[in-house]
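Since the structure comes first, as C-alpha cells, the remarks are kept for the end.
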Amino acid sequence: MPELPDVEVARRRLDHALRGATITRAHSADRRILRPKAPSALSRATKGRTVRDVSRRGKWLKVLLDDGGRLFSHLGMTGWWVERDASAPTERSERARIDVAREDGRNASARYLDSRRFGRLIVADHDIDEWSTLGPDPLVDGIDATALAATLAKSRRAIKDVIMEQTILAGVGNILATEALWHARIDPRSRSNALTRADVGKLVRGLGKAIGDELDVRMTADTDEWSDIFAVYGHAGRPCPRCGSRIARVVIGGRSTAFCKTCQVRRGTPAKTPRSRSKKRAI
DNA sequence: CGGCATGTTGCGCA
DNA sequence: TTGCGCAACATGCC
C-alpha cells in the first residue's frame, strides 16, 4: 500500500520494531527483490549490527546500522512491513525477515510481505542514487511553493504527470496526485507551465490535505485493511462530493485519473489531442 | 475469462 | 531535447 502516507506508517512501525535493537538474524532469498541478489547479502551486512534509526524519503525507507551500513526498502505496488514476534510463523507472501534482540528483552521480527514482488530491498554501504536524487519530501522537508512554481514552469507536460515525478516531489503517487488536484480544483490535464502562482499555492495545500487525511486514517485505524476514503480516486462515474457532477476518468501517463470536469479548472491548451479514436466509453 | 491495480524502467516514435 | 505511449515485471481481486 505504497504512497507517502503508507510508507510513513511502515517507517514508524519498522522504527518501533528495530531502532536500538541488535539484529540476530536476517534473511531473504528473493532474487527479484533483494540487491545484491546473493541470498547471503542481507544476512552478511546486517547480522550482529545495531539499528541506529529508520528514515524515509518519498516512497523509500532507509534502515541505518551502527557501522554505517544501510538497508533501503521500496514497497513497489504491494509491499508491506509488519511487526511480529520472532517465533511467529512465516506468512503468505513473506519475502524477507529481520529478527532482533531488544533491550527490553523482547525478540521482535520485522517481516516484509509483497505479493507482486515489485518492491526492492537494497543492501549498501552508502546512499544509493534512487535515494539521493529524490526531490523534496512534503513531510520531511515541506514544500516550498515558490520553488515548486519555478520547477513547474519549466515543463509543458500534464500537471499530474509532473507532480508524480519523484525528483520533483518525493512520495506523490497516483492516489495523492489525483486527490490533491481535486482539492486544489485543478484539472489534472492542465499543462504544468500554465498554472498560476495561486494555483500552485492551492496545489501545495491540496497535497498537504491529501497526505494529512490519509495519514490520519492510517494511524488511527487498528488494521492494515484498505479503506476507501477518497474524494475522487477510484470513483469515476459517481457524483463529485463537492458539486455533484459525474466524476470523469482519463488516462494520463498510462495511469487512471479521476477528476471533476465541473469544479476542476483546466489551464493551458488541450495538449494536442492526436487521435480521438472512438475507444469504448467506459462506464 | 478479461480487466484493472497504490510503482518504476526502458524502448520506440514524433 | 522533450513528451508521450506502451509493454514489462508478477500476482490478486472483482
Round to the nearest Å and state the distance from A:Leu75 atom CG to B:dT8 atom C1'. 13 Å
Has the side chain of A:Glu3 got a donor or acceptor atom that lies under 3.5 Å from a matching backbone atom of A:Asn174? yes
For B:dA5, does either OP1 or OP2 sit under 4.0 Å from a side-chain N or O belonging to A:Ser256? yes
Rounded to the nearest Å, what distance is computed from the CD1 atom of residue A:Ile252 to the C1' atom of nucleotide C:dG3? 14 Å
With a 3.5 Å distance limit and no angle check, can you tell me whether A:Ser190 reaches the backbone of A:Arg267 through a side-chain donor-acceptor pair? yes
Side chain of A:Arg92, heavy atoms from C-beta onward: which of B:dT6, C:dC13, B:dA5 has the nearest atom to it? C:dC13
Can you tell whether the side chains of A:Glu83 and A:Arg111 come within less than 4.0 Å, N to carboxylate O? no
Using a 4.0 Å heavy-atom cut-off across all strands, classify A:Gly76 as base, sugar-phosphate, or nothing. sugar-phosphate
Would you call A:Asp53 and A:Lys62 a salt bridge, using N to O less than 4.0 angstrom? no
Determine the contact category for A:Ser155: base if any of its heavy atoms lies under 4.0 Å from a base atom, sugar-phosphate if only primed atoms, P, OP1 or OP2 are that close, otherwise nothing. sugar-phosphate
If we ignore angles and hydrogens, is there a donor and acceptor under 3.5 Å between the side chains of A:Thr78 and A:Asp114? yes
Base partner of C:dT2, which must satisfy Watson-Crick or wobble distances under 3.5 Å: B:dA14
Could you tell me which non-hydrogen atom of A:Arg249 sits nearest to which non-hydrogen atom of A:Ala236, and how far apart they are? CB-CB, 3.7 Å
May I ask you to list the residues of residues 111-119 of chain A, by number, that have any heavy atom positioned under 4.0 Å from an atom of DNA chain B? A:Arg116, A:Phe118
Separation of B:dT6 atom P from A:Trp60 atom CH2, nearest Å, is 19 Å
Nearest whole angstrom, please: distance from the P of C:dT1 to the CZ of A:Arg157. 16 Å
Is the phosphate of B:dT8 approached by A:His74 (side-chain N or O, under 4.0 Å from OP1 or OP2)? yes
For A:Tyr233 and B:dA5, what is the distance between atoms OH and P respectively, to the nearest whole Å? 6 Å
Pairing nucleotide - B:dT6, Watson-Crick or G-U, each distance under 3.5 Å: none
Under a 4.0 Å N-O cut-off, is there an ion pair linking A:Glu91 with A:Arg84? yes
For A:Arg255, answer base if it contacts any base atom (sugar-phosphate contacts may also be present), sugar-phosphate if it contacts only those atoms, and nothing otherwise; contact means non-hydrogen atoms under 4.0 Å. base
In this structure, how many angstroms lie between the C1' atom of B:dT8 and the CD atom of A:Glu3, rounded? 13 Å
Among the candidates C:dC4, B:dT8, B:dT6, find the nucleotide nearest to the side-chain atoms of A:Lys59. B:dT8
Quantified in whole Å, what is the P atom distance between nucleotide C:dA8 and nucleotide B:dG2? 16 Å
With A:Asp137 as reference, evaluate A:Lys59, A:Gln166, A:Arg56 under the side-chain contact (heavy atoms from CB on, under 4.5 Å) test and give the passing residue. A:Arg56
Using whole Å, what does the distance between atom P of nucleotide C:dC9 and atom CZ of A:Arg35 come to? 14 Å
What's the gap between C:dC6 and B:dG3 when it is taken at their P atoms, as a whole Å value? 15 Å
In whole angstrom, give the distance that lies between atom CE of A:Met164 and atom C1' of C:dG3. 16 Å
